[in-house]
Amino acid sequence: MSSAPFVRIAELPAHAGQQVVIRGWVTHVRSSGKIAFAVIRDGTGTCQTVFVKTQLPTEVWERFSQLTTETSVAIEGEARAEPRAPGGFEIGVTSLAIIGPSPIDYPIQPKEHGIDFLLDNRHFWLRSPRQRAIAVIRSEIEQAIHDFFYERGFLRVDTPILTAAIGERSGLFATEYFDEGNAYLAQTGQLYGEAAAAAFGKIYTFGPTFRAEKSKTRRHLTEFWMIEPEVAWNDSAANMVLQEDFVAYLVQRVLERRAPELAELERDVTKLQAVKVPFVRLDYAEAVAIVQRKGSATVWGDDLGAEDEALIVADYDRPVFVMNYPKEAKAFYMKENPDDPRTVLCNDCLAPEGYGEIIGGSQREDDYDKLLARITAEGLPLDAYNWYLDLRRYGTFTHAGFGLGLERTVAWICGLQHIREVIAFPRMMHRLRP
RNA sequence: UCCCCAGUAGCUCAGUUGGUUAGAGCAUUCGACUGUUAAUCGAAGGGUCGUAGGUUCAAGUCCUACCUGGGGAGCCA
């Protein structure tokens, strides 16, 4: 290797005609007697490199035969435009250094594999172009989330991951915690978010969430990331306006900045372009009537099942809010609906194309006596909720918030079948490694 | 926890009403090829058919149990 500059593959067009060094991994090789090709990936892109026997020192030509899939290399040569090369750019090799050899049994091949095999090899699967596209879009969405709230004056608050039993009733991961008994991995940061909203006004959380549910579906993970805004003085209607502005902002951001990655995933972007405010608003009772008309056995009082959600969403090209569920179907902290005390002021947001619930939100019960009654009625341990009740004793306030499931949102925007492709190392009931 | 489905080569799969020596593609190894695009062409190696029983002259194939995984329900984001 000479002193030629080290260049990332994405930057090669700016170095046309120059001698450069690239570093990366061999994705595949082709040999045709006295001319040979190695395709190199470096995370910013891929580039074909060309080895010509008659123009290379013998040892460089012979070293080519040591290149197996995923060998890491440094390659020096001339960067040049070449219409025959994929992407229109290539490197005419003058020197090759093998950094790390790769045995011939590298498991992932350029062909179809089953999801289970790929997840066993997730540490390698991430190297594929498709997985890179997903990771890039996820990262773009995460950045857009922070930008959205920053632009609107929200404070980001980080809530605890180790908690006493609090929040939702579904499965908890427990661990010993010194002399305090069991600690549980957080299922939500919401209750802490409410305390923060009383302190700071507009806040959001962005953190991991844990559910020990034995769910085996393409929509569930045991560890996922959730974004939970909480806004003082927002009622349920304002809460939904915030939600639709938020979701539309995320979709628009990906359309604007990550078109190549959407194309890599062969995403039908017309479906995303249709995601405009206002979203559809259906009262729970209307939703029940719709699914009954379509043959569902659901009656007033039931929670809506996955099939019901699909029936509702089928009629629309944009997300749908289903509002004001029966009290019994929802969590204790949701505010009783003054217009119909059988229901609470809440909403789910159902993504189009059958992706299901990406948001659950509500106005929070701010009446001390009613909240206490709900906690008691559900048999929750009162001592764990004293501080939460204090928020209603000392300057109670109208407030509302919601939780957006990051992986479900990314899976929908990417158009993926499996939520587990959306996170680098998914955690599921039967998968703790890699 | 419940319902449905699957398990055959490193990977993806085929294997007929049970029938004699277990099939393909890809991958790997060797050979040919000076512009390949998941290169192509020729040859070779590669198997406890998930496990354990059972039925039968004969089981990858049929039956039972178990194991492992997938999809869905429930629960939720």
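The structure displayed is predicted, hence computed values, not measured ones. The sequence lines fix the lettering, A, B, ..., with proteins before strands; numbering per chain opens at 1.
- Within the 4.0 Å cut-off from OP1 or OP2 of B/A73, at least one side-chain nitrogen or oxygen of A/Arg219 is found.
- Side-chain atoms of A/His220 lie closest to B/C75 of the nucleotides B/C75, B/U29, B/G35.
- Considering CZ of A/Arg267 and SG of A/Cys414, their distance stands at 8.0 Å, rounded to 0.5 Å.
- Using a 30° and 60° split on the angle between ring planes, A/Phe64 and A/Trp61 fall in the parallel class, below 30°.
- Taking the P atom of each, B/U61 and B/A9 are spaced 15 Å apart, rounded to whole Å.
- You'll find a donor-acceptor pair under 3.5 Å spanning the side chain of A/Arg408 and the base of B/C76, going by distance alone.
- As a whole-Å value, the separation of A/Lys214 NZ from B/A73 P is 18 Å.
- When the C1' atom is compared between B/A14 and B/A22, the two are found 11 Å apart, to the nearest whole Å.
- Using a 4.0 Å heavy-atom distance criterion, A/Arg420 is classed as a sugar-phosphate-only contact.
- Taking atom CZ on A/Arg84 and atom C1' on B/U36, their separation rounds to 10 Å, with Å as the unit.
- Residue contacts for A/Asp348: at a heavy-atom cut-off of 4.0 Å it reaches no nucleic acid atom on any strand shown.
- Across all strands shown, A/Gly305 has heavy atoms under 4.0 Å from sugar-phosphate atoms exclusively, and none from any base.
- Under the Watson-Crick or G-U wobble criterion, with both distances below 3.5 Å, B/A6 is paired with B/U68.
- Rounded to an integer number of Å, the gap from CZ of A/Phe117 to P of B/C11 is 6 Å.
- Rounded to the nearest Å, the gap between the C1' atom of B/U1 and that of B/C26 is 41 Å.
- Here the side chains of A/Thr188 and A/Glu228 are in contact, with some heavy-atom distance below 4.5 Å.
- Looking at heavy-atom distances under 4.0 Å, A/Glu407 makes no contact with the nucleic acid at all.
- Taking a cutoff of 4.0 Å between a charged side-chain nitrogen and a carboxylate oxygen, A/Arg364 and A/Asp235 do not qualify as a salt bridge.
- Counting any heavy atom pair closer than 4.0 Å across all strands shown, A/Ala306 reaches sugar-phosphate atoms only and no base atom.
- Proximity note for A/His418 (side chain, C-beta onward) versus B/U28, B/G71, B/U36: the nearest is B/G71.
- The gap from the C1' atom of B/G50 to that of B/U8 amounts to 10 Å, rounded to the nearest Å.
- Following rounding to the nearest Å, A/Asp303 (CG) and B/C76 (P) show an atom-to-atom distance of 6 Å.
- Across all strands shown, B/G25 pairs with B/C11; the Watson-Crick or G-U wobble distances both stay below 3.5 Å.
- Along RNA chain B, the nucleotide nearest to A/Val52 and the one nearest to A/Glu307 differ in position, and the one closer to the 5' end is contacted by A/Val52.
- A 3.5 Å limit on both hydrogen-bonding distances identifies B/C63 as the Watson-Crick or G-U partner of B/G53.
- On a pure distance criterion of 3.5 Å, a polar donor-acceptor pair joins the side chain of A/Glu90 and the base of B/G35.
- In this structure, A/His28 atom NE2 and B/C26 atom P are separated by 15 Å, rounded to whole Å.
- Comparing A/Leu119 and A/Lys34 by the nucleotide of RNA chain B whose heavy atom lies nearest to each, the residue mapping closer to the 5' end is A/Lys34.
- A gap of 16 Å separates the P atoms of B/U17 and B/A6, to the nearest Å.
- Taking atom P in both B/C2 and B/U12, one finds a spacing of 29 Å when rounded to whole Å.
- Remark: B/C75 base-pairs with no nucleotide in the shown strands. Criterion, Watson-Crick or G-U wobble with two distances under 3.5 Å.
- The CZ-C1' distance, from A/Phe51 to B/C33, rounds to 18 Å in whole Å.
- With rounding to whole Å, A/Gln243 atom CD is found 12 Å from B/A77 atom P.
- Side-chain nitrogen and oxygen atoms of A/Arg218 include at least one within less than 4.0 Å of the OP1 or OP2 phosphate oxygen of B/G72.
- Within the nucleic acid shown, A/Ser31 comes within 4.0 Å of at least one base atom, counting heavy atoms only.
- Residue A/Asn324 forms a side-chain contact (heavy atoms from CB on, under 4.5 Å) with just one option from A/Asn347, A/Asp283, A/Leu282, and that option is A/Asp283.
- Atom-to-atom, NE2 of A/His430 to P of B/G72 comes out at 14 Å; the value is rounded to the nearest Å.
- Evaluation of atom-type donor-acceptor distances gives no pair under 3.5 Å for the side chain of A/His113 against the base of B/C11.
- Taking the ring axis of A/Trp300 as reference, the NZ or CZ atom of A/Arg342 stays within 45° of it and closer than 6.0 Å to the ring centre.
- B/A24 sits 11 Å from B/G15 when the C1' atoms are compared, rounded to a whole Å.
- Figure legend. B/G47 is base-paired to no nucleotide; pairs are counted as Watson-Crick or G-U wobble with both atom distances under 3.5 Å.
- Applying the Watson-Crick and G-U wobble criteria (two distances, each under 3.5 Å), B/C30 pairs with B/G42.
- The pair A/Glu407-A/Arg138 meets the salt-bridge criterion, since a charged nitrogen lies less than 4.0 angstrom from a carboxylate oxygen.
- A/Thr209 comes within 4.0 angstrom of nothing in the nucleic acid, heavy atoms only.
- A/Ile359 comes within 4.0 angstrom of the backbone, heavy atoms only, and of no base.
- Comparing the same atom, C1', in B/G18 and in B/G54 gives a spacing of 15 Å after rounding to whole Å.
- Look at A/Phe37 and the base of B/G35; the rings do not stack under the cut-offs of 5.5 Å between centres and 30° between planes.
- Remark: A/Arg152 is not positioned above the aromatic ring of A/Tyr204, lacking an NZ or CZ atom under 6.0 angstrom from the ring centre and at most 45 degrees off the axis.
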